[in-house]
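Notes follow once the structure below has been shown.
Just so we're clear, the structure is a prediction, and the values are computed from it rather than from any experiment. Residue numbers start from 1 in every chain, and the chains themselves are labelled A, B, ... in the order their sequence lines are given, proteins ahead of strands.
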Amino acid sequence: MADEGNGIIRLRSSDGKVFELTESAAEISELLKDSPREEDDEVTEIDIVRVASPCLEKVVEFMKHYDEEKMKEIPTPLGGSTFNEVMDQPWYQDFVSDEKMNRDMLFNMLSAANFLGIKPLLDLTCLKVTFQITGKNAEEIRELLRLPELTPEEEAKAREEHSWIFEEA
Amino acid sequence: MATADSTSPCTEYIHIAYPVSPIDRVTWVDLPDALWHEILRFSAVQDLVRMERVCKKFNIQLDRKDRSHGAQEQGREREREREREQEQLSSIHDLWKTHCQHRWNDKPRYKLTDEREDWLRRHYDEHFATVDYGDTAGGATGRATGRATGSRTESSHVMMGNAAPFPVANTASSSPSTTSTPSLSKFSWKKTYFWMEQELARTTLTYDELESLDWYFNFTPLAGGRGKDTLLRCIFRHGLLSIGGAGFPSLPYRMLFLHPGDNPDIFSEQQVNATDQHSDTDTTTDATTDTETHDNPIFHGGIDTSQARRHNQEQAVLIADFPLHYVSRLHDSGEWLMTNAHVTFVSTDEAGALTYKDRNFQ
């Protein structure tokens, strides 16, 4: 068996692309950490059939960087009113910036982080989504999250219970 | 080689069983409940409520009452659906409980403890379940957007009159057996949160609170106060104020409710202020309208008031024949303040936790 942390993990995406990272970097993932290894194998290959290559590439990029620079824990309540105030590490700010990651990719990353059990990535993407929602009115949130319209009955109930939201819109 | 695909197990693969559903384009509604819980744990109350407004996942609470009607007569599938709803509801409860914990954390008499949570659950039916939901939510928004929230609602009157003030330990221990324990599913942290917002915005001190709370007392520098050296505990009981330490006689007190236009024949706080400033402005008669007068540092014995508080323009406490003590409430701790130019009373919990630092209290 390879020395602990020195082995290589190869992740194969749903569309067949392979991404390589060290065991040490892969340790951040609960799924990968707990996955069985063949003794004497220096290279372990794991199929990640739920994650496509564009997303898996970003996930691996995150894991590699996290191995070099740990992400600070995100406090609750949040210690700032903007994303960059809360997340003050430039690399992580940039990693999920609007320029680098569109909304679809963000949700894919969020799901992938959950699937792979990568808590820091899950926190980072959740925080990003949170700030995308923050301060938006109900209709903007519906559009942002592509939520289905409520039925007239549901709308009436929501209006009854949350009248102030309708007033502010 | 290992795989996360359970559909094609192969001996040469290390099998990791996970449901297979390729993540191509995830939308909010596809996310499992645990994930939106993760996202919304960072959200502010206002954003959380907006989500409830637009997302069916959150509206189960609204629907539950109707849809659960006659659930026992319905089939197993209906029961499963109901179980799923209960799980989602539980998740929502967790979010609101977290908000309660954070919101009350810096308020010694409100900070959530196991004992207080138990009190809330036991008294939920009698105090919280009838909260005017729309009004309370509106109050929260008003504060968030800077709108005035001073208007009293019907429910606030009810609570002021009948509800045991949370979390007075005496109340909790005095009648635990008389209240039926509501079911967990009925208990709502969200309603409790908004009830507490309304409660914390209340600026009318009840007689019960005056007499059941413990108080600190101090003189302002103008009246010879020397910080902690002159800080004393005191209690209001049965119409008599007892101040700790030797040399203070018990003093009678009574609560006054003032109305615009009232001209109480009493040496008012405003009169003291006007005298101190040698002002010829008309501040001597209307004790109910001049907020700036209350905030004037000179009025407060030369001490700048940095801790924000809500003033009650219509209530005062008369102690013996001293100038009126006006009632206000501290934003940060939720504690009560009674002040005139010479003295300050600050409410505290039984343990005597004192966070107030203005008016010579440091």
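- Within 6.0 Å of CG on B:D114 lie no more than 12 heavy atoms contributed by other residues, nucleotides or ligands.
- Atom CD of A:E85 sits in a crowded spot, with more than 12 heavy atoms from other residues, nucleotides or ligands closer than 6.0 Å.
- For the atom pair B:L35 CG and A:N114 CG, the distance stands at 4.0 Å (nearest 0.5 Å).
- B:D47 and A:K136 get closest at one heavy-atom pair: OD1-N, 4.4 Å.
- Of all residues in residues 72-84 of chain A, those placing a non-hydrogen atom less than 4.5 angstrom from a non-hydrogen atom of chain B are A:I74, A:T76, A:P77, A:L78.
- By the neighbour-count criterion of 12 heavy atoms within 6.0 Å, atom NZ of A:K17 is sparsely surrounded, having that number or fewer from other residues, nucleotides or ligands.
- When heavy atoms are compared at a cutoff of 4.5 Å, A:L122 approaches chain B solely by way of its side chain, counted from C-beta outward.
- B:E38 contributes atom CD, which lies 6.5 Å from atom CG of A:D123 (distance to the nearest 0.5 angstrom).
- Looking at every heavy atom in both residues, B:I39 comes nearest to A:C126 through CG1-SG, 3.5 Å.
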